[in-house]
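Worksheet for the structure shown next.
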Amino acid sequence: MSTQVEANPTQEVNQHEPIDSTQAEAHPTEANEDEDPVLGRKRKKTSKIWEDFDLVKIKGVMKGVCKYCKSKFAYTGTEASTGAMWRHIDACIKRKLHMSTEKRQTTIPFQPSNAVNPFIVPGARYCNEKMREIMATAMMVHENPFNAAEHQIWVWAFEYANSEFRKVSHKTARNDCVALYEKEKKILKTQLESVSKISLTTDMWRSSHQVVEYMVITGHFIDVGWNLNKRVLSFVKVSAPRRGIDVADAIYKCLKTWGIENKVFSVSVDNASYNDSLQDSLSKIKDTIFNIRESVKYINHNDGRLKAFCDVVEQKGLKERKLIIDCPTRWNSTFNMLSTALKFKIAFASYQEREPHYDLAPSLEEWNKVEKVCKLLEVFNYATHVISGSEYPTANLYLAEVWKVKVILDEADEDADRFMREMASPMKAKFDKYWGECNLLMAIASVLDPRCKFHMVRICFPKIYKSQEVADENIKKVRSSLDELYDDYVALSLADASSSNGNLNSNTQSSSQANVAAVKTGFDEIMCLIQENVAISPMKSEL
């Protein structure tokens with residue numbers, strides 16, 4: 001095939017001119033300066049090869065360009081042949097991927113489709129009760145107060161839209177919201193009754209104006225219509241300190257309430273011991289953290305202090321405008337406070353010179369420690385956002401971020417500053433304990449991604465596990481488990497070849513079409529390593 005492709009692949013292409021027979025007929029006298037004038041009427045091309053190729057003039061030479069891989073083939077002379085193009089189409093991998101996408105089975109809609117107005121019913125007349133339901137929905141979704149229903153301008157707008165609209169009091173709006181909540185709860189209860197398995201995730205939530213925290217329990221399940229659902233099941237206050245047993249009790253009460261205690265497939269929690277480990281690590285600079293926290297409280301205490309600090313910020317030409325107070329029991333909240341305060345470090349010193357009663361500004365040495373700690377915690381915080389922020393994170397994304405966390409822990413454990421080593425050592429010990437056992441589910445899912453195959457496991461495992469010997473043992477375990485899984489699928493394919501092959505093709509394509517995050521994640525770094533150092537061999541068979 002390579003002998004048929006353009007002889008000089010490194011030659012620059014200066015001009016591409018798609019040839020359209022209809023244009024040739026409409027403008028028979030027009031010609032590019034690099035091509036001969038068109039003589040006579042061009043015959044319309046009827047070969048089906050042109051469904052996959054574009055006829056392009058490149059430096060005065062006619063060539064057929066593959067629409068999928070952009071390979072170019074000569075097509076000149078009165079006896080121009082399409083044989084080389086036909087042979088290429090039979091072997092073009094990118095075309096095969098495109099065709100399998102067109103033919104693949106219906107997949108689960110992971111991403112929501114374009115929103116349509118669910119309240120519009122064609123041919124239905126205006127109903128004031130329906131309008132009240134819409135208003136209740138808007139209040140709950142946008143967290144508006146109940147008296148928003150009485151705002152005069154909104155009432156005028158609704159009356160303008162429909163003269164039959166009737167004003168709603170805040171008490172009626174409250175009752176409508178309660179009724180809507182009970183209605184949605186009943187619908188969800190019915191959905192969960194028909195679900196065979198459900199996965200749960202938990203996360204901690206705190207409003208912007210409160211220090212009180214809540215635990216959100218979210219259910220992920222596939223309904224009878226093969227639609228992937230993500231629904232909040234519980235929103236409860238869990239008082240600090242949040243021990244593992246407290247989290248478990250809250251989850252079990254939620255499961256009993258919905259009647260799904262026997263349907264749980266997996267539970268991913270905001271790990272309490274993990275949070276404790278990072279909190280213990282932050283204790284190495286607890287005095288500095290205390291000074292920064294009290295500084296934020298001092299400055300935000302009244303408008304006069306805040307204005308004086310803002311004047312200093314403006315004089316220093318800083319872009320930031322807002323200090324953040326943390327929740328002392330949450331490491332990520334403390335990280336946000338410290339990383340924000342770092343941007344104001346020159347302002348704190350100048351403010352202390354102006355304010356006689358303020359003596360909490362950290363020293364230069366303390367700021368250097370804060371900067372190092374933030375650099376470490378930033379990786380944890382970013383990994384948390386990448387995984388939990390992704391609607392449906394892949395195994396490769398998860399594995400890559402775990403790899404990145406271990407890399408930064410190893411670096412901190414060998415840092416020149418003693419306090420960094422003392423901080424990283426217990427964190428690394430907990431990491432090694434948690435990842436001591438191979439996660440086969442995540443590893444096999446990673447291997448099945450055709451972008452990475454076994455390369456992701458080979459790169460990550462030596463760094464994640466304590467020794468090369470343990471890493472090699474776990475790599476062999478993944479390989480043997482994958483072989484067993486493959487043998488099972490071979491047996492299934494022999495029983496029903498056509499059905500099984502169709503499913504496997506669609507699954508492979510679904511993985512290959514996964515989007516890579518635009519941000520620089522651990523996954524991006526590993527993919528760069530694979531592309532630079534590893535040559536991935538072409539696919540041997542469809543299976």
Side-chain angles (χ1 to χ4, degrees), residues 93-94 96-101 103-111 197 199 220 222 226 228 265-266 268 386-387 390-403 435 437-465 471-517 521-531 534-543:
I93 294 178
K94 289 191 176 182
K96 288 183 179 180
L97 290 175
H98 176 79
M99 297 304 292
S100 63
T101 303
K103 297 178 181 178
R104 67 183 180 182
Q105 69 182 41
T106 303
T107 56
I108 299 171
F110 286 98
Q111 299 296 337
K197 292 293 180 182
S199 293
H220 308 261
I222 298 175
W226 284 91
L228 190 59
F265 178 72
S266 67
S268 301
V386 167
I387 294 172
S390 303
E391 189 73 12
Y392 302 99
T394 64
N396 272 327
L397 183 62
Y398 192 95
L399 188 59
E401 293 309 315
V402 171
W403 168 83
W435 289 99
E437 185 175 348
C438 180
N439 190 322
L440 283 175
L441 178 63
M442 183 173 65
I444 290 176
S446 171
V447 173
L448 292 178
D449 188 331
R451 295 170 298 175
C452 306
K453 300 185 179 179
F454 232 88
H455 304 305
M456 181 72 73
V457 172
R458 290 197 184 103
I459 291 173
C460 292
F461 274 27
K463 182 61 68 174
I464 290 176
Y465 294 103
D472 291 340
E473 181 182 343
N474 284 322
I475 289 174
K476 290 179 181 178
K477 187 185 294 185
V478 174
R479 167 67 73 178
S480 61
S481 300
L482 191 62
D483 289 341
E484 293 177 7
L485 184 63
Y486 176 83
D487 291 338
D488 290 340
Y489 272 92
V490 168
L492 289 172
S493 67
L494 292 175
D496 190 358
S498 61
S499 175
S500 180
N501 285 339
N503 290 336
L504 287 170
N505 288 341
S506 67
N507 288 339
T508 301
Q509 176 61 17
S510 177
S511 299
S512 66
Q513 293 296 322
N515 291 327
V516 178
T521 64
F523 178 76
D524 295 329
E525 294 181 17
I526 292 180
M527 287 301 294
C528 289
L529 289 175
I530 293 175
Q531 293 170 3
V534 182
I536 302 177
S537 57
M539 184 177 5
K540 292 181 179 180
S541 68
E542 291 295 328
L543 180 57

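Quantities reported herein were computed from a predicted structural model and do not represent experimental measurements.
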Taking it one step at a time, do H220 and F265 satisfy side-chain contact (heavy atoms from CB on, under 4.5 Å)? CA-CA 10 Å; H220 308 261; F265 178 72; over 6 Å; no
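Contact of the V402 side chain with the C460 side chain is not registered, since no non-hydrogen atoms from C-beta on lie closer than 4.5 Å. The shortest side-chain heavy-atom distance between W403 and L399 does not fall under the 4.5 Å cut-off.
The distance from the CG atom of L397 to the OG atom of S446 is 10.5 Å, given to the nearest 0.5 Å. The CZ atom of R479 sits 6.0 Å away from the CZ atom of R458 when rounded to the nearest 0.5 Å. With values rounded to the nearest 0.5 angstrom, F454 atom CZ is found 13.5 Å from D449 atom CG.
For the side-chain contact (heavy atoms from CB on, under 4.5 Å) test with L482, the passing option among D487, L440, V457, I444 is I444; the others fail.
For NZ of K476, the number of neighbouring non-hydrogen atoms (other residues, nucleotides, ligands) closer than 6.0 Å is 12 at most. When the shell of 6.0 Å around CG of L441 is examined, it contains 12 or fewer heavy atoms from other residues, nucleotides or ligands.
Considering all non-hydrogen atoms of both residues, A471 and F461 come closest at CB-O, 3.6 Å. Scanning all heavy atoms of the two residues, the minimum distance from Y465 to E437 falls at OH-O, 4.0 Å.
For S481 (side chain) and K477 (main-chain N/O), a donor-acceptor pair under 3.5 Å exists by modelled atom type.
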